[in-house]
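By convention in this document, chain letters (A, B, ...) are assigned in the order of the sequence lines, proteins followed by strands, and residues within each chain are numbered from 1.
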Amino acid sequence: MDVTVVLVGPTAAGKSALAADLARRYTAEDQPAEVINADSMLVYRGMDIGTAKPSKVELAEIPHHMIDLREVNQTTTVAEFQQLARAAIADCQRRDVIPIVVGGSALYIRAILDDFEFPGTDPAVRTRLENELARQGAKWLYQRLSEADPLAANRILPGNTRRIVRALEVIELTGRPFTATLPERRYRLPDVVQIGLTIDRAPLDARIADRVDAMWAAGFVDEVRRLATAGLRESLTASRALGYRQVLRFLDGEITEAQARELTIGATRKFARRQDSWFRKDARIHWLRYDRPDLTSAAYALGGPRGIGAVPDGLAGTPAVED
RNA sequence: GGCCAGGUAGCUCAGUCGGUAGUAGCGUUCGCCUGAAAAGUGAAAGGUCGCCGGUUCGAUUCCGGCCCUGGCCA
C-alpha cells in the first residue's frame, strides 16, 4: 500500500496532534506510519518552543522526518526542502511505511506533491541584483523587468521587490522568460490524500492566543536569547519566524516584552488567514472540522484501507469559508 | 464644586479659517504568490465627526446648554 497522507490547515488547528494520533492508529492496525514535517521552521535545531515542535517524547515514539536538520544560522530554501521531503517519502514507501506529511505552508506542500520545478539560483547574481535594487531603486529594477519579460512584469507589482529580483535572476540564469505561472494542481505521486482541518476564526484566534501565552510560560524568551548567541539574528530565514522575530526586537530593546507577545499573536493570526486563503483554493483537499470527536477515525477512513480518498458517509466537513 | 484638555472608523489619532471628513497607522475582509513562504505583497469595506438647541442657504467646524473621559485646584 503506498498511499501518502497529507495533513494541512492553519497553524494551531491541531495538525501535529492529529498526525501523531493517525500514526498510532495505523500502527495499531499493523501498518507502520511515519510523520514527515512540511513546516519550514521545524528543520532548525533549537527552535522548539516557538515552533510548537513535537516533544522529545513524541519524537521518540513516532519517527519524524525533516526535523532538526539545520542550525539556525543556516538558510534552507523551498527547493532543498522539496528534495529532502520527496526523498523521505520515497524512503518510507520503500520500507512499506505510510508517510504522513504535515505542514502549514501551501507552497511547501505543493512543492512536494505537485510537479513543481524551481529554476535554480545563484548567490552572485542574486547579490548583484540586490545591490542594483539598493542603488537604483525599485522603479528602475521593475523597468528592467518590464523590458526583459513584460508578461512577468505584468503579474508582479512594482513594489514587490523580492519577486522582481527573483524574476530577473531566473531570466538571467535560464535565458528564458520568468513565467510567473504556477503549475497545475496535479499530484506527481499516485494515491495522495490531502486532509485539511477547518476551524472558525473566533476559536482559531483564541487558540493562537493561548498557544502564544503557553510558549511564553514555557520559556520562549530564553530560547530566543540562547539562539541569538548561535546566530539567529543574522539568519535570513530563521530570524523571520513568527515569534522569534518579535522576541529579537524585544531583546534589542526596540519594544517591550508585552508588546512582543501581542505582536506575535497578531502576526500569527494574520499568517493563519494567509494559510486559509491558499489552502481554500485547493479542491483536492478533504476538509474535516478540527473539533469533531471522531477526527482521527475520520482521517483514518479517508487515508485508510477502506479506500483511498473515499469520503466516509456523513463525515465530510466544509471548506474553511465562513459566512 | 471651579479651571484646563479632550470626545471624529472596531482601536489610536489627523483634519475641516462653515460647503456631510483622512492615499493615516493598527485591526477586519478579500486577493496575489516558483530557490527567504512562519517570507513578500495588492485592494476593499468601515464614520448620522458625544447629545440637544441656536445662528446660517448650509454646522463635524461658530455660539449656548447638557453628558462622558482625563488632569489640576478646592
Pair assignment for B/U69, Watson-Crick or G-U wobble, requiring both distances under 3.5 Å: B/A5
I'd like to know if the side chain of A/E34 pairs up with that of A/H65 as donor and acceptor (distance under 3.5 Å, no hydrogens or angles considered). yes
Given atom CZ of A/R162 and atom P of B/U34, what is their separation to the nearest angstrom? 11 Å
Say whether A/E234 and A/S239, considering side chains only, have a donor N or O and an acceptor N or O under 3.5 Å apart. no
Pairwise P distance, B/G15 and B/A37 [rounded to whole Å]: 43 Å
B/C17 versus B/U61 - spacing of their P atoms, nearest Å: 13 Å
Could you go through nucleotides 24-26 of chain B and list every protein N or O atom that sits under 3.5 Å from one of its N or O atoms, giving the distance for each pair?
none

B/G31, B/G40, B/A37: which one has an atom nearest the side-chain heavy atoms of A/S277? B/G31
Is a donor from one side chain sitting under 3.5 angstrom from an acceptor on the other, for A/T77 and A/E80? yes
With a 3.5 Å limit on both atom pairs, tell me what B/U60 is paired to, counting Watson-Crick and G-U wobble, or say none. none
Mind listing the closest non-hydrogen atom pair of A/A38 and A/I112 along with its distance? CB-CD1, 4.1 Å
Distance, rounded to the nearest Å, where A/N160 contributes CG and B/G31 contributes P: 18 Å
Same-atom distance (C1') from B/U28 to B/C67, integer angstrom: 31 Å
Nucleotide of B/A36, B/U34, B/C33 approaching A/R126 most closely (side-chain heavy atoms): B/A36
Reckon A/R274 has a side-chain N or O less than 4.0 Å from the OP1 or OP2 of B/C30? no
May I ask you to check whether A/E223 and A/Y244 show a side-chain donor-acceptor distance below 3.5 Å? yes
How is A/E117 classified with respect to the nucleic acid when contacts are heavy atoms under 4.0 Å: base, sugar-phosphate, or nothing? base
Which nucleotide wins on minimum distance to the side chain of A/T237, given the candidates B/G42, B/A37, B/G40? B/A37
NA contact type, A/G50, heavy-atom cut-off 4.0 Å: base, sugar-phosphate, or nothing? base
Can you tell me if A/R273 touches the phosphate of B/U29, counting only side-chain N or O atoms and a distance under 4.0 Å to OP1 or OP2? yes
Taking CG from A/L84 and C1' from B/G35, how many angstroms apart are they, rounded to a whole number? 13 Å
Taken to the nearest whole Å, CD/A/E172 to P/B/G35 is 16 Å
Does A/R245 put a side-chain nitrogen or oxygen below 4.0 Å from OP1 or OP2 of B/G40? yes
Roughly how far apart, to the nearest Å, are B/G25 and B/A43 at atom P? 11 Å
Look at all strands and tell whether A/Y108 reaches a base, only sugar-phosphate, or nothing, counting heavy atoms closer than 4.0 Å. sugar-phosphate
Distance only, no hydrogens: is a donor on one side chain within 3.5 Å (strictly under) of an acceptor on the other, for A/Q74 and A/Y44? no
Lys/Arg-Asp/Glu bridge criterion (N-O < 4.0 Å) met for A/D276, A/R201: yes
Here the distance between atom P of B/A39 and atom CE of A/M41, to the nearest Å, is 7 Å
Under 3.5 Å for both donor-acceptor distances, Watson-Crick or wobble: does B/C49 have a partner, and if so which one? none
Under 4.0 Å, counting only non-hydrogen atoms across every strand here, what does A/E130 touch: a base, just sugar-phosphate, or nothing? base
Take atom CG of A/D276 and atom P of B/A38, then tell me their distance rounded to the nearest Å. 14 Å
Separation of the P atoms in B/A45 and B/U41, to the nearest angstrom: 23 Å
Counting only Watson-Crick or G-U wobble pairs whose two distances fall under 3.5 Å, which nucleotide matches B/C33? none
Measure the CD1-CH2 distance between A/I49 and A/W216 for me, rounded to the nearest 0.5 Å. 11.0 Å
Could you check which nucleotide pairs with B/G10 in any of the strands shown, counting Watson-Crick or G-U wobble with both distances under 3.5 Å? B/C26
Would you state whether a donor and an acceptor, one from the side chain of A/R110 and one from the base of B/A37, lie under 3.5 Å apart? no
Could you tell me whether the phosphate oxygens of B/G40, OP1 or OP2, come under 4.0 Å of any side-chain nitrogen or oxygen in A/R166? no
Where each residue is assigned the nucleotide of RNA chain B containing its nearest heavy atom, which of A/L242 and A/F116 is assigned the position nearer the 5′ end? A/F116
In whole angstrom, give the distance that lies between atom OH of A/Y142 and atom P of B/G42. 12 Å
Scan A/T268 against the nucleic acid and name what it touches under 4.0 Å (heavy atoms): base, sugar-phosphate only, or nothing. nothing
Given B/G35, B/U41, B/U34, identify the nucleotide with an atom nearest to the side chain of A/R163. B/U34
Can you work out whether A/A106 or A/T121 has the more 5'-proximal nearest nucleotide on RNA chain B? A/T121
Is the shortest side-chain N/O distance from A/T77 to OP1 or OP2 of B/A36 below 4.0 Å? no
Please report the distance separating the P of B/G42 from the corresponding atom of B/A24, rounded so that it comes out in whole Å. 13 Å
Neighbour count above 12 (heavy atom, 6.0 Å) for A/Q136 CD: yes
Between B/G54 and B/A44, how far is it from one C1' atom to the other, in whole Å? 41 Å
I'd like to know if A/E257 and A/R261 make a salt bridge, using a cut-off of under 4.0 Å between side-chain N and carboxylate O. no
Say we look at B/C63 and B/U23: how far apart would their C1' atoms be, to the nearest angstrom? 35 Å
Within less than 4.0 Å of OP1 or OP2 of B/A38, is there a side-chain N or O belonging to A/S40? yes
Base, sugar-phosphate or nothing for A/L107? Non-hydrogen atoms, less than 4.0 Å. base
OP1 or OP2 of B/C33 under 4.0 Å from side-chain N/O of A/R155: yes
From the list B/G35, B/C32, B/A38, which nucleotide is the closest neighbour of the side chain of A/K281? B/C32
Can you tell me how far C1' of B/U34 sits from CD of A/E80, to the nearest Å? 15 Å
Do A/R166's NZ or CZ and the ring of A/F178 fall within the cation-pi criteria of under 6.0 Å and 45°? no
Could you check which nucleotide pairs with B/A39 in any of the strands shown, counting Watson-Crick or G-U wobble with both distances under 3.5 Å? none
So does A/R280 get a side-chain nitrogen or oxygen closer than 4.0 Å to the phosphate oxygens (OP1/OP2) of B/G31? yes
How many angstroms lie between CG in A/L133 and OG1 in A/T161, if you round to the nearest 0.5 Å? 5.5 Å
Quiz item: A/R240 side-chain donor-acceptor pair to B/A38 base, under 3.5 Å: no
